Student: 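Mind having a look at this structure? Questions to follow.
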Amino acid sequence: MATLRNSSTSNNEIHTQPKLPNDNENLWKQVSDISQVIGEVILFLLKFWFLVGQAFVRLFIPIPPKSVKGEIVLITGAGNGIGRELAFQYASQGATVVGWDINEKGNLETVAEIAKLGYPKAYAYVCNVAKREEVMEVAKKVQKDVGDVTILINNAGIMPCHPFFDHTTEEIHRIMDINVMAHFWTLQAFLPAMVQNNHGHIVAISSVAGLMGVKNLTPYCASKFAVRGMMEALYQDLHTDQKCQIKTTCIYPFAVHTGLFDVKNANMKYPKLTPVLKPKDVAKNIMNAQRRDVFETTIPRHMLSVSYCMKLFPVKALMALNEFFDSYIETDL
Ligand SMILES: NC(=O)c1ccc[n+]([C@@H]2O[C@H](COP(=O)([O-])OP(=O)(O)OC[C@H]3O[C@@H](n4cnc5c(N)ncnc54)[C@H](O)[C@@H]3O)[C@@H](O)[C@H]2O)c1
């Protein structure tokens with residue numbers, strides 16, 4: 001501190017004042033600040049391009065699939081279609097399967113088939129995933145009967161398909177409740193134990209209709225876009241803690257031959273280019289993505305990059321592309 005005499009005070013009073021930095025000190029401070037920013041930017045760019053490179057290499061050399069033996073896999077909508085096939089395939093790998101569905105008969109058939117094949121004991125529960133209280137109640141039963149769920153597959157969904165004004169208010173609510181809100185309720189039910197054990201995997205089944213708008217599917221597309229956003233944000237939430245070992249995977253399948261909609265309503269100009277998929281193949285791809293910790297993928301895989309590239313073009317150009325392919329789902333009314 002420099003000591004200065006104040007002329008307005010007596011000679012005995014001495015005031016101390018902070019020393020102002022001189023030009024040299026100012027310059028050094030600026031140089032050091034700028035070098036720090038440059039250092040941080042270089043470190044960030046190195047990390048960024050290392051991770052981009054690593055992701056590129058993993059496209060060709062994926063990480064080996066992790067074992068699911070002994071894991072407890074809860075699949076919503078296990079009574080039919082993709083959910084049922086997932087149940088068979090996880091059971092075949094030694095996982096304990098817990099199937100949830102509102103369709104009790106279908107769900108029991110899934111479990112019976114698993115028993116017939118001699119896989120580990122599977123469990124079936126009736127649960128309407130759209131109802132939060134029911135989800136919480138059945139989740140408690142699962143915890144008591146089977147244990148902590150370690151892989152949660154949010155698969156149950158519905159797809160009413162008609163022009164926007166033909167969707168009733170009740171139907172729009174139902175689509176959002178089953179296709180989106182249910183994910184929140186099952187996460188509230190099962191994620192806390194995963195966080196506590198720092199072990200788990202959340203899989204969400206969105207759709208290609210969660211990447212691009214499709215005619216006659218306005219509420220469905222909204223619900224599937226929502227699932228995509230939810231999974232991206234959830235990843236950020238979980239991985240703010242760098243030690244977090246909980247993985248997330250979001251899947252965007254193209255049209256699949258299941259009970260979701262009548263495939264006869266799928267209008268495709270070039271069916272050979274984009275064939276309707278088999279639920280067995282889709283389930284295989286989903287399990288493969290989960291076991292390899294893939295963050296997101298379309299089925300078929302090339303559709304992901306195509307859909308992201310398409311976002312670079314103006315909407316009218318995309319409409320022209322849609323007209324060219326003339327692919328959409330006819331109204332089911
Ligand atoms: N089939 C396709 O073309 C396709 C394409 C992309 C994405 N998907 C998605 O894949 C998932 C599975 O669809 P899918 O094709 O197997 O359909 P699906 O109709 O064959 O099976 C869905 C299952 O979910 C159950 N379910 C419906 N509402 C429920 C509720 N409220 N609570 C509990 N269970 C309920 C049904 O009873 C049924 O067993 C859905 O989320 C769907 O949106 C399907």
Side-chain angles (χ1 to χ4, degrees), residues 74-89 98-111 124-135 137-139 152-161 171 173-186 189 203-212 214 216-217 219-228 230-231 249-268 274-283 285-286 296-300 303-304 307 327-329 332:
L74 189 138
I75 304 163
T76 68
N80 199 53
I82 299 170
R84 171 176 283 182
E85 286 299 333
L86 280 169
F88 295 156
Q89 296 195 22
V98 180
W100 278 14
D101 210 299
I102 35 166
N103 171 1
E104 185 175 18
K105 187 170 166 281
N107 207 13
L108 288 172
E109 278 168 14
T110 303
V111 165
Y125 294 83
V126 175
C127 181
N128 181 350
V129 290
K131 301 209 160 137
R132 186 180 182 277
E133 275 170 24
E134 204 171 316
V135 167
E137 203 179 298
V138 185
L152 168 64
I153 307 188
N154 275 317
N155 161 76
I158 57 166
M159 194 184 93
C161 176
E171 187 176 68
H173 276 300
R174 201 152 51 86
I175 294 170
M176 297 311 274
D177 282 345
I178 299 172
N179 293 6
V180 187
M181 300 313 291
H183 292 234
F184 288 101
W185 313 149
T186 54
V203 181
I205 311 302
S206 174
S207 166
V208 164
L211 294 166
M212 55 184 90
V214 183
N216 286 335
L217 287 177
Y220 181 79
C221 284
S223 73
K224 294 299 180 180
F225 268 68
V227 167
R228 177 158 70 97
M230 184 188 70
M231 291 301 282
T249 297
C250 193
I251 307 280
Y252 315 107
F254 183 65
V256 193
H257 213 309
T258 64
L260 192 74
F261 73 104
D262 189 346
V263 284
K264 283 202 258 36
N265 288 341
N267 191 67
M268 289 177 200
T274 48
V276 176
L277 307 162
K278 294 189 188 102
K280 200 175 188 167
D281 297 337
V282 172
N285 278 282
I286 295 170
E296 63 174 356
T297 188
T298 46
I299 305 171
M303 281 194 172
L304 189 65
S307 74
S327 297
Y328 63 93
I329 317 282
D332 53 14

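Order of appearance sets the numbers: ligands from 1, and atoms from 1 within every ligand. It should be emphasised that the depicted structure is a prediction, and the values quoted were computed from it without experimental measurement.
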Student: Could you tell me, atom by atom, which parts of ligand 1 come under 4.0 Å of a heavy atom of Gly81?
Tutor: 16 (O), 20 (O)
Student: Closer than 4.0 Å to some heavy atom of Gly77 - which atoms of ligand 1 meet that?
Tutor: 23 (C), 24 (O), 25 (C)
Student: For atom 5 (C) of ligand 1, which candidate among Phe254, Phe261, Trp100 holds the nearest heavy atom?
Tutor: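 Looking at heavy atoms only, the winner is Phe254.
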Student: Give a yes/no verdict on whether any heavy atom in Tyr252 is under 4.0 Å from an atom of ligand 1.
Tutor: no
Student: Report the member of Asn155, Leu277, Val126 with the shortest heavy-atom distance to atom 40 (C) of ligand 1.
Tutor: Asn155
Student: Measure the shortest side-chain to side-chain distance between Leu277 and Pro300 over non-hydrogen atoms and say whether it is less than 4.5 angstrom.
Tutor: yes
Student: If I compare all heavy atoms of Lys224 with all of Ile205, which pair ends up nearest, and what's the gap?
Tutor: NZ-O, 3.0 Å
Student: Can you list the ligand 1 atoms lying under 4.0 Å from a non-hydrogen atom of Ile205?
Tutor: 9 (C), 10 (O), 11 (C), 41 (O)
Student: Hey, which atoms in ligand 1 end up nearer than 4.0 Å to a heavy atom of Pro253?
Tutor: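 The atoms of ligand 1 under 4.0 Å from a heavy atom of Pro253 are 5 (C), 6 (C), 7 (C).
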Student: Under 3.5 Å between any N/O of Asn128 and any N/O of ligand 1: does that happen in this structure?
Tutor: yes
Student: Between Ile158, Val256, Ile153, Asp177, flag the one that comes closest to atom 3 (O) of ligand 1 by a heavy atom.
Tutor: Val256
Student: Residue-level breakdown please: for Ala182 versus ligand 1, do any non-hydrogen atoms fall below 4.0 Å on the side chain, on the backbone, on both, or on neither?
Tutor: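 Looking at Ala182 and ligand 1, no heavy atom falls under 4.0 Å.
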Student: Go through ligand 1 atom by atom and flag the ones less than 4.0 Å from a non-hydrogen atom of Ser206.
Tutor: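 By the 4.0 Å cutoff, the relevant atoms are 7 (C), 9 (C).
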Student: Could you tell me which non-hydrogen atom of Ala78 sits nearest to which non-hydrogen atom of Thr110, and how far apart they are?
Tutor: O-OG1, 2.8 Å
Student: Closest non-hydrogen protein atom to atom 34 (N) of ligand 1, residue and atom name please, with distance?
Tutor: Ile102 N, 3.5 Å
Student: Locate the shortest heavy-atom distance separating Asn80 from Gly259; write the atom from each residue and the value.
Tutor: ND2-N, 3.6 Å
Student: Does ligand 1 have any atom sitting under 4.0 Å from a heavy atom of Ala255?
Tutor: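 In this structure, Ala255 qualifies as a contact of ligand 1 - some heavy atom is under 4.0 Å.
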Student: Verify, without hydrogens or angle tests, whether Thr76 (side chain) and Asn155 (backbone) share a donor-acceptor contact under 3.5 angstrom.
Tutor: yes
Student: Does the Arg84 side chain pair with the main chain of Gly106, one donor and one acceptor, at a distance under 3.5 Å?
Tutor: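 Checked: pair present.
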Student: With heavy atoms only and a cut-off of under 4.0 Å, state how Cys127 meets ligand 1: side chain, backbone, both or neither.
Tutor: backbone
Student: With a heavy-atom distance limit of 4.0 Å, tell me whether Ile178 approaches ligand 1 through its side chain, its backbone, both, or neither.
Tutor: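 It is the side chain that touches ligand 1; the backbone stays farther off.
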Student: Looking only at heavy atoms, which two atoms of Asp101 and Asn103 are closest? And how far apart?
Tutor: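 So the minimum-distance heavy-atom pair works out to OD1-N, 2.8 Å.
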Student: In the protein, which heavy atom is nearest to atom 42 (C) of ligand 1, and how far is it?
Tutor: Tyr220 OH, 3.6 Å
Student: Can you check whether Val208 has an N/O within less than 3.5 Å of an N/O in ligand 1?
Tutor: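 No.
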Student: What protein heavy atom sits nearest atom 22 (C) of ligand 1, and how far off is it?
Tutor: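 Checking every protein heavy atom, the shortest distance to atom 22 (C) of ligand 1 gives Gly157 O, 4.1 Å.
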Student: Kindly give the heavy-atom pair with the smallest separation between Pro219 and Met176, and that separation in Å.
Tutor: O-SD, 4.1 Å
Student: Between the main-chain N or O of Gly99 and the side-chain N or O of Asn107, is there a donor-acceptor pair closer than 3.5 Å?
Tutor: yes
Student: Would you compute the distance between atom CZ of Phe254 and atom CG of Leu211 and round it to the nearest 0.5 angstrom?
Tutor: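 If we round to the nearest 0.5 Å, Phe254:CZ and Leu211:CG are 12.0 Å apart.
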Student: Could you check atom 14 (P) of ligand 1 against the protein and tell me its nearest heavy-atom contact, residue, atom and distance included?
Tutor: Thr258 OG1, 3.5 Å
Student: Taking the side chain from Asn179 and the backbone from Ile158, do they hold a donor-acceptor pair closer than 3.5 Å?
Tutor: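 Yes; at least one donor-acceptor contact below 3.5 Å.
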Student: Among all the protein's non-hydrogen atoms, which is closest to atom 32 (N) of ligand 1, and how far away is it?
Tutor: Val129 N, 3.1 Å
Student: Between the main-chain N or O of Ala124 and the side-chain N or O of Glu104, is there a donor-acceptor pair closer than 3.5 Å?
Tutor: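 Absent.
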Student: Got the closest protein heavy atom to atom 19 (O) of ligand 1, with its distance?
Tutor: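 Result: Leu260 N, 3.4 Å.
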Student: Side chains of Ser206 and Arg228: is there a donor and an acceptor less than 3.5 Å apart?
Tutor: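 There is no such pair between these side chains.
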Student: Grab the two heavy atoms, one from Val135 and one from Trp100, that are nearest each other, plus how far apart they are.
Tutor: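 Distance-wise, the nearest heavy atoms are O-CH2, 3.7 Å.
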Student: Backbone, side chain, both or neither: what part of Lys224 comes under 4.0 angstrom of ligand 1, heavy atoms only?
Tutor: side chain
Student: From the options Ile82, Asn103, Asp101, Asn80, select the one whose nearest heavy atom is closest to atom 36 (C) of ligand 1.
Tutor: Asp101
